[in-house]
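What you are looking at is a predicted structure, and each value in this text was computed from that prediction instead of being measured. Proteins get letters first, then strands, A, B, ... in listed order; numbering begins at 1 in each.
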Amino acid sequence: MTQTNAARVRFAPSPTGLTHLGSGRTALYNYLLAHQSGGKFILRIEDTDQKRFNLDAEKDLTSSLRWLGLQWDEGPEVGGLHEPYYQSKRMAIYRQHAEQLVENGKAFYCFCTQQELDAVRKAQQEAKQPPHYSGKCRDLPLAEAKQRVADGETHVIRFKAPKDGSITVHDELRGDITVQNHTIDDRVLLKSDGHALYHLAAMVDDHLMGITHVLRGEEWLPSLPLHVHIYEAFGWPQPKWVHLSVFLKPSGKGKMSKRETEEMKLTGQSIFIQDLADMGYLPEGVLNWIALMGWSYDDKTEFFTLADLIEKFDIAKLNPSPAAIDFKKLDHFNGLHIRALPADELARRLLPFFEKAGLQADPALLARITPLIQERITTLDDAPEIAGFFFRPSVEVPADKLLIKDTSAAESAAALAKALGILEALPELTATAAEAPMRAAADELGIKAGALFTQLRNATTGQEVSPPLFESMELIGRETVLARLRAGLDVLGKLN
RNA sequence: GCCCCCAUCGUCUAGGGGACUAGGACGUGGCCCUUUCAAGGCUAAAACCGGGGUUCGAAUCCCCGUGGGGGCACCA
């Protein structure tokens, strides 16, 4: 798609909890649209509900976005022409706009108490009616209402939604949607504490900040008609509306609940960006994965970098149906991106995971080891397990792991001794120098090379599964390898 | 209860009237490669929710069912 106009888009989360995959994808698509059109990606904090606001959540949000590589052009920490970017600091703007609507007959002061509203709602529910505002204050004379406000009576400002006819709104993915106006409630725009609600604050800010495309979650689709009415009440031109499908839990049965989110962590999976980072996933892998949940480029291309996505992303190729989260696919994409990384860059990212595992990994050695494990790990966190033996002074090997299959203990010991002798005689322990004589030794011993290598692998790495044996030996170093083989011989000797 | 959205292999999807014997990917099975484990290559099984239309022709358009999802707060 060719963008003739630079898009101004925003990601406007409410920092009430940890940043999850759904938010990540919404942020990503917004970012892509901005970058491919030479526009701006704006971050706005929707913190009008002080009861739910959470400072830790905001820190998690900014660090998650940055980890993903989705830096915003305007917003907290970076500023911009439309400051402040915190809705809690824009109260006066919302009040002014709400009052403007009241003056124009598009909104009204409402003095109903919480108790009244609760009672009405309860009655409606019992009567199997959809909950909606009773309309009690809707047609109060403006002068009278203003007087009560001036007298200090507690009040809110509600939108005066049209009651007749219908409205047709347009979503870029779903086309025209028509709803009857009477199904649209007189929603509160400004609370009695003076804070605006989403329906007012987001519309006002989107307009004031020059937002051209609103990409947001599908949960907003039911209130789109209300939002369009609000835009029209102000006489503002609408942005393009794009409602992204929701993510479903892996079973495909509904959204993830809070409890299920916790349970998921027990299985080593998480929908939170920060957790994924801690678990050793690459931002490249996560991005590629979520980009393809609800969007596709063609019928075969699946590997995308952020740069690729900026180039290829297209709203027209978004899919409106909900997508189930598939962590197997994340592993796949992460593996792809791990293998696509230059080895030295991968080594750099691996370092903290060795430290976390309590291993002092020498960066230079790690850089040489990395090519050996690059295609054997799916997350960064896999590396210490498969390559930890490089950084431990010695390895612990039980005797039975040193026994060659279908061979006696004495013969196994003889084989190990022979191998040790060969390596000791080698002027230099390199992979190329060691392999051929070892194969010859296996032949002479009358055992399969693979069987001998398994024994040596256990003795030198302490693992049954490891990177290629001789390359590993070379990197471990001659003296250490010889010491481990001698230790193995000792263990075997004690068997008799 | 009411409103809205969605509907292709188990999952993510391609497909927008004839190019469909429905393509790709993950996962799964098999084979190859191989010093283990991976990675890689090849390969197999696996889907158009149902019923009506429209049309010479429908996975593609329309309607009705059904199923799934979302929403109905002084939350976002």
Side-chain angles (χ1 to χ4, degrees), chain A residues 12-16 46-49 51-52 87 110 112-114 117-118 121 124-132 154-158 171 173-174 177-180 183-185 187-199 201-202 216-225 243 245-246 248 250-255 289 292-303 317 319-333 335 339 373-378 382 386 435 438-439 442 448-454 456-458 461 463-470:
Chain A
S14 179
T16 54
E46 311 237 330
D47 57 350
T48 53
D49 187 2
K51 289 192 295 290
R52 302 203 312 155
Q87 292 192 326
C110 172
C112 295
T113 64
Q114 196 61 59
L117 296 175
D118 289 345
R121 187 170 3 241
Q124 287 167 341
Q125 273 163 354
E126 278 165 7
K128 305 265 186 204
Q129 295 290 316
H132 61 279
T154 299
H155 65 281
V156 301
I157 293 179
R158 284 182 184 273
D171 174 78
L173 307 189
R174 291 158 251 262
I177 299 167
T178 301
V179 301
Q180 297 302 309
T183 65
I184 303 170
D185 204 6
R187 301 298 297 262
V188 172
L189 300 178
L190 204 70
K191 296 194 271 187
S192 54
D193 68 2
H195 279 283
L197 251 29
Y198 178 90
H199 301 118
R216 73 220 300 198
E218 190 182 4
E219 63 272 22
W220 291 112
L221 195 55
S223 42
L224 178 57
H243 293 86
S245 64
V246 293
L248 270 22
S251 66
K253 303 280 181 209
K255 286 208 292 190
W289 179 48
L292 256 17
M293 294 175 70
W295 174 82
S296 63
Y297 175 62
D298 60 15
D299 61 343
K300 29 186 73 73
T301 316
E302 301 236 299
F303 182 90
K317 299 277 285 179
N319 189 326
S321 52
I325 296 168
D326 181 1
F327 287 98
K328 283 277 178 37
K329 204 131 189 175
L330 170 59
D331 284 344
H332 170 250
F333 281 118
R339 277 167 254 134
I373 62 173
Q374 188 154 18
E375 60 189 32
R376 275 167 248 269
I377 55 176
T378 62
D382 291 340
I386 189 175
E435 181 166 350
M438 283 303 177
R439 286 187 185 278
K448 285 206 164 73
L452 177 62
F453 294 175
T454 297
L456 296 177
R457 182 187 313 284
N458 273 296
T461 70
Q463 300 171 186
E464 286 178 283
V465 172
S466 82
L469 178 59
F470 299 109

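- Residue A:Ile177 has its side chain nearest to B:C4 when only B:A39, B:G1, B:C4 are considered.
- Of the candidates B:C75, B:A39, B:A14, B:A39 carries the atom nearest the A:Glu375 side chain, counting heavy atoms from C-beta on.
- A sub-4.0 Å separation between OP1 or OP2 of B:U35 and a side-chain N or O of A:Arg439 is present.
- Candidate nucleotides B:A76, B:A73, B:C6 were compared by shortest atom distance to the side chain of A:Ser14, and B:A76 ranks first.
- To the nearest whole angstrom, the two C1' atoms, one in B:U55 and one in B:C63, are 16 Å apart.
- Taking 4.0 angstrom as the limit, A:Arg187 places none of its side-chain polar atoms (N or O) nearer than this to OP1 or OP2 of B:C72.
- Residue-level contact check: A:Glu46 touches the backbone only, with heavy atoms under 4.0 Å from sugar-phosphate atoms and none from bases.
- Between A:Arg187 and A:His199, the shortest heavy-atom distance links the atoms NH2-CE1, 3.5 Å.
- Residue-level contact check: A:Gly294 touches the backbone only, with heavy atoms under 4.0 Å from sugar-phosphate atoms and none from bases.
- The side chain of A:Glu218 sits closest to B:C5 out of B:C5, B:G70, B:C12.
- The same atom, P, is picked in B:G40 and in B:A25; the two are 12 Å apart, to the nearest Å.
- Listed nucleotides B:A76, B:A14, B:C6 differ in distance to A:Asp299; the shortest reach to its side chain belongs to B:A14.
- Side-chain atoms of A:Trp289 never come within 3.5 Å of backbone atoms of A:Phe327 as a donor-acceptor pair (strictly under, hydrogens ignored).
- The same atom, P, is picked in B:A14 and in B:C6; the two are 14 Å apart, to the nearest Å.
- Here A:Phe470 and A:Phe453 bring their ring centres to under 6.0 angstrom of each other.
- Atom name C1', nucleotides B:C2 and B:A19: the rounded distance is 46 Å, in whole Å.
- Using a 4.0 Å heavy-atom distance criterion, A:Gln180 is classed as making no nucleic acid contact.
- B:G51 sits 27 Å from B:U13 when the C1' atoms are compared, rounded to a whole Å.
- Using C1' as the reference atom, B:A76 and B:G68 are 24 Å apart when rounded to the nearest Å.
- Heavy atoms of A:Pro468 sit under 4.0 angstrom from at least one base atom.
- For A:Asp382 and A:Thr378, the side-chain atoms include at least one donor-acceptor pair closer than 3.5 Å.
- Taking a pair to require two hydrogen-bonding distances under 3.5 Å in either a Watson-Crick or a G-U wobble arrangement, B:U28 pairs with B:A44.
- Distances shorter than 4.0 Å separate some side-chain N or O of A:Arg158 from OP1 or OP2 on B:C74.
- No hydrogens or angles considered: a donor-acceptor pair under 3.5 Å links the side chains of A:Arg457 and A:Ser466.
- Among the protein residues, A:Pro467 comes within range of the nucleic acid bases, having at least one heavy atom under 4.0 Å from a base atom.
- Judged by atom type and distance alone, A:Lys300 does not reach the base of B:A14 through any side-chain donor-acceptor pair under 3.5 Å.
- Checking B:G70, B:C6, B:C12 against the side-chain heavy atoms of A:Ser321 singles out B:C6 as nearest.
- Between A:Thr183 and B:C2 there is no side-chain polar atom (N or O) within less than 4.0 angstrom of OP1 or OP2.
- Contact of A:Ser192 with B:C74 (side chain to base): a donor-acceptor pair of N or O atoms is detected under 3.5 Å.
- Phosphate contact (OP1/OP2 of B:G1, side-chain N/O of A:Arg121, threshold under 4.0 Å): absent.
- Residue A:Val156 is in base contact, counting any heavy-atom pair closer than 4.0 Å across all strands shown.
- Judged purely by distance below 3.5 Å, without hydrogens or angles, the side chains of A:His243 and A:Arg174 never pair a donor atom with an acceptor atom.
- One C1' atom belongs to B:G67, the other to B:C26, and the distance between them is 25 Å to the nearest Å.
- Checking the phosphate oxygens (OP1, OP2) of B:C75, a side-chain nitrogen or oxygen of A:Lys51 falls inside 4.0 Å.
- Side-chain atoms of A:Asp185 and A:His132 include no donor-acceptor pair closer than 3.5 Å.
- Across B:C49 and B:C74, the matching C1' atoms stand 43 Å from one another, rounded to whole Å.
- Backbone-only engagement by A:Lys255 is indicated by non-hydrogen atom pairs under 4.0 Å involving sugar-phosphate atoms exclusively.
- Phosphate proximity of B:G15 to A:Lys317: present, with a side-chain N or O under 4.0 Å from OP1 or OP2.
- Side-chain N/O atoms of A:Asn458 include none lying less than 4.0 angstrom from OP1 or OP2 on B:U36.
- When distances are taken from the side chain of A:Ala323 to each of B:A39, B:G71, B:C12, the shortest belongs to B:C12.
- For a distance-only test at 3.5 Å, the side chain of A:Arg376 qualifies as a donor-acceptor partner of the base of B:C37.
- Of the candidate nucleotides B:G70, B:U36, B:A7, B:G70 has the atom nearest to the side chain of A:Pro222.
- Each of B:G70, B:A39, B:C26 was ranked by its minimum atom distance to the side chain of A:Lys328; first place goes to B:C26.
- Taking atom CG of A:Asp326 as the reference point, atom P of B:A25 lies 15 Å away to the nearest angstrom.
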